Student: 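Dumping the structure here so I can ask a few things about it.
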Amino acid sequence: MHKHFLSAADLTRNEAEALLERAAMLKAEWRMGGQGLHAQWPLRGKTLALVFEKPSLRTRVAFEAGMTQLGGHGSYLSANDIDMGGRESVPDVAQNLSRWVQAIAARVFKHTTVETLARHASVPVINALSDREHPCQALADMLTLRERFGRLQGLKLTYVGDGNNVCHSLLLLGATLGVSVTVACPPDYRPDPEVLAQAAAIGAETDASIVVTASPVEGVAGADAVYTDVWTSMGQEHETARRRPVFAPYQVNPALLAHASPDAVFMHCLPVHRDEEVTAEVVDGAQAVIFEQAENRLHVQKALILTLLGL
Ligand code: CP
Ligand code: NVA
């Protein structure tokens with residue numbers, strides 16, 4: 001396994017499967033009252049720095065609670081605290097933190113910032129969301145699908161909306177694990193061509209197809225999972241008004257969901273804007289697994305930290 005986790009493509013298929021297996025075990029043990037590794041506190045004395053340039057609910061709390069559950073500690077540093085690149089250079093932040101903590105999780109605007117941190121840190125760096133990827137989210141999403149369907153190979157996940165960070169990590173991790181990923185998006189908001197090519201190359205090895213279409217109805221046809229995310233990601237707020245009419249035809253609503261498989265689940269990384277990218281009816285309906293996805297962030301992130309630390 002790579003020393004760092006910056007991209008969903010940093011994991012081989014075996015590594016990704018082992019991580020999900022470990023996360024499933026940690027989840028089961030936690031639900032049985034904190035058994036197994038939770039009772040041994042393998043992270044005793046260890047600290048994870050959480051360097052966040054943007055807000056967070058799930059990622060932050062899942063990392064902090066995960067460290068606590070395994071006997072360690074999460075130290076949260078907002079942009080106000082350290083002002084990376086302003087008060088102090090990114091390489092200097094990396095080198096300082098490496099003297100005190102055993103791993104760094106960073107949520108950044110520019111993907112290059114997390115790469116720079118990794119280059120200069122002597123401890124593992126985890127991408128906790130950048131403008132390019134959100135690989136921890138994709139891990140939780142794959143665990144959620146595995147739980148629901150009992151397998152990943154051969155499933156079809158359709159992502160409807162903006163070809164953004166969440167979409168990129170789903171393409172890469174889906175392909176790695178044999179999940180075919182279709183992206184239904186406006187022509188001007190397609191995923192990055194480099195990521196698409198990388199996902200297609202990975203998918204060629206795992207029998208996973210990678211498809212992009214402008215038609216939500218065609219994209220969703222027969223899908224086992226229909227996934228969407230906000231139309232305007234953090235950092236793009238000035239584009240909100242321009243994006244709204246472009247994405248309106250891509251709203252996930254009962255009529256669109258009806259084109260998916262009858263057993264399909266509805267997925268969203270959250271936070272969600274009800275009646276914008278998805279109707280309230282779907283978010284709060286029986287097909288939604290959004291809080292399972294959120295819960296699974298905790299367990300995949302614990303598995304990830306343990307693995308990166310060689311524990
Ligand atoms: N899904 C997700 O990463 O949520 P937060 O932005 O609240 O961390
Ligand atoms: N695409 C969203 C995901 C938030 C978890 C964003 O980057 O804001």
Side-chain angles (χ1 to χ4, degrees), residues 5-8 23 48-67 74 76-79 104-114 126-145 157 159-173 181 183-186 189-192 195 225 227-240 242-244 246-247 250-252 266-274 276-278 283 288-302 304-305:
F5 185 56
L6 306 186
S7 165
L48 169 72
L50 295 150
V51 179
F52 277 38
E53 294 181 337
K54 303 175 185 177
S56 170
L57 175 67
R58 280 147 292 275
T59 309
R60 174 184 177 172
V61 178
F63 272 125
E64 289 183 343
M67 289 301 291
Y76 179 76
L77 301 155
S78 74
I104 301 168
R107 169 165 286 199
V108 299
F109 284 98
K110 293 201 210 107
H111 189 71
T112 50
T113 303
V114 82
I126 298 168
N127 179 358
L129 183 147
S130 68
D131 59 357
R132 188 177 177 86
E133 278 205 52
H134 196 5
C136 296
Q137 180 68 50
L139 279 174
D141 299 337
M142 292 300 142
L143 179 60
T144 307
L145 287 175
L157 180 150
Y159 177 96
V160 184
D162 186 17
N164 62 15
N165 45 8
V166 169
C167 177
H168 287 162
S169 292
L170 286 169
L171 280 162
L172 295 169
L173 195 63
V181 182
V183 179
C185 59
Y189 295 89
R190 289 166 59 98
D192 184 318
V195 173
Y227 200 121
T228 194
D229 183 13
V230 292
W231 293 339
T232 303
S233 285
M234 291 181 276
Q236 302 170 332
E237 289 76 7
H238 57 287
E239 297 179 21
T240 304
R242 174 148 56 88
R243 284 171 170 256
R244 204 169 276 135
V246 178
F247 283 101
Y250 294 83
Q251 183 190 63
V252 177
F266 168 72
M267 306 181 82
H268 194 303
C269 56
L270 306 180
V272 63
H273 299 131
R274 283 177 175 74
E276 201 166 304
E277 71 270 12
V278 54
V283 176
V289 292
I290 54 176
F291 299 116
E292 279 79 0
Q293 292 171 259
E295 179 178 356
N296 285 338
R297 296 293 301 277
L298 174 65
H299 305 292
V300 295
Q301 289 172 201
K302 282 190 295 193
L304 179 65
I305 291 166

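Only heavy atoms go into these numbers, but all of them, side chains included; no hydrogens, no water, no symmetry mates. Counting starts at 1 for both ligands and their atoms, following the listed order. Just so it is clear, the structure is predicted and the values come from calculations on it, not from any experiment.
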Student: Side chain, backbone, both or neither: which part of His134 has a heavy atom under 4.0 Å from ligand 1?
Tutor: side chain

Student: Could you find the nearest protein heavy atom to atom 3 (C) of ligand 2 and give me its residue, atom name and distance?
Tutor: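 Going by distance alone, atom 3 (C) of ligand 2 is nearest to Asp229 OD2, 3.6 Å.
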
Student: Can a cation-pi geometry be assigned to Arg60 and Tyr76, taking NZ or CZ under 6.0 Å from the six-membered ring centre and within 45° of the ring axis?
Tutor: yes

Student: Do me a favour and list the nearest non-hydrogen protein atom to atom 4 (C) of ligand 2 with residue, atom name and distance?
Tutor: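 So the nearest neighbour among protein heavy atoms is Leu129 CD1, 3.9 Å.
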
Student: With a 4.0 Å cut-off on heavy atoms, is Lys54 touching ligand 1?
Tutor: no

Student: Ser233 versus ligand 2: do any nitrogen or oxygen atoms come within less than 3.5 Å of each other?
Tutor: yes

Student: Counting only N and O atoms by type, is there a donor-acceptor contact under 3.5 Å from the side chain of Thr228 to the main-chain atoms of Val160?
Tutor: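 Judged by distance alone, yes, a pair lies under 3.5 Å.
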
Student: Within ligand 1, which atoms have a heavy atom of Leu57 less than 4.0 Å away?
Tutor: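 By the 4.0 Å cutoff, the relevant atoms are 5 (P), 7 (O), 8 (O).
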
Student: Once you round to the nearest 0.5 Å, how far does CE of Met234 lie from CG of Asn165?
Tutor: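 These two atoms lie 7.5 Å from each other.
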
Student: Under 4.0 Å, heavy-atom basis, I'd like to know which part of Leu270 is in contact with ligand 1: side chain, backbone, both or neither.
Tutor: backbone

Student: Tell me whether Arg190 contacts the main-chain N or O of Gly163 through its side chain, where contact means a donor paired with an acceptor under 3.5 Å.
Tutor: no

Student: Looking at His268 and Ile290, would you say the former's side chain and the latter's main chain have a donor-acceptor pair under 3.5 Å?
Tutor: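 Checked: no pair found.
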
Student: Looking only at protein heavy atoms, identify the closest one to atom 4 (O) of ligand 1 and say how far it is in Å.
Tutor: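 Looking only at protein heavy atoms, the one closest to atom 4 (O) of ligand 1 is Arg58 NE, 2.8 Å.
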
Student: Starting from atom 7 (O) of ligand 2, locate the nearest protein heavy atom and write down its residue, its atom name and how far away it is, to 0.1 Å.
Tutor: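 Its nearest protein heavy-atom neighbour is Asn165 ND2, 2.8 Å.
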
Student: Under a 4.0 angstrom heavy-atom cut-off, which atoms of ligand 1 come close to Arg107?
Tutor: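 Selected atoms, number and element: 3 (O), 5 (P), 6 (O), 8 (O).
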
Student: Could you give the distance from CD1 (Ile305) to CE (Met67), rounded to the nearest 0.5 Å?
Tutor: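 Nearest 0.5 Å value for the CD1-CE distance: 5.5 Å.
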
Student: Answer yes or no: does an N/O atom from Arg297 fall short of 3.5 Å to an N/O atom of ligand 1?
Tutor: yes

Student: Before we go on, tell me: are the rings of Tyr189 and Phe247 under 6.0 Å apart, centre to centre?
Tutor: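 Yes, they do, as the ring centres are separated by less than 6.0 Å.
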
Student: Does Leu270 have a non-hydrogen atom less than 4.0 Å from ligand 2?
Tutor: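 Yes, Leu270 has heavy atoms under 4.0 Å from ligand 2.
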
Student: Do we see a donor-acceptor contact under 3.5 Å between the side chains of Glu133 and Ser7?
Tutor: yes

Student: Please report which non-hydrogen protein atom sits nearest to atom 8 (O) of ligand 2, along with the residue it belongs to and the distance in Å to one decimal place.
Tutor: Met234 N, 2.8 Å

Student: Rounded to the nearest 0.5 Å, what separation is found between the NE2 atom of His134 and the CG atom of Leu139?
Tutor: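 It is 10.5 Å, given to the nearest 0.5 Å.
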
Student: Give a yes/no on ligand 1: does Leu129 have at least one heavy atom closer than 4.0 angstrom to it?
Tutor: no

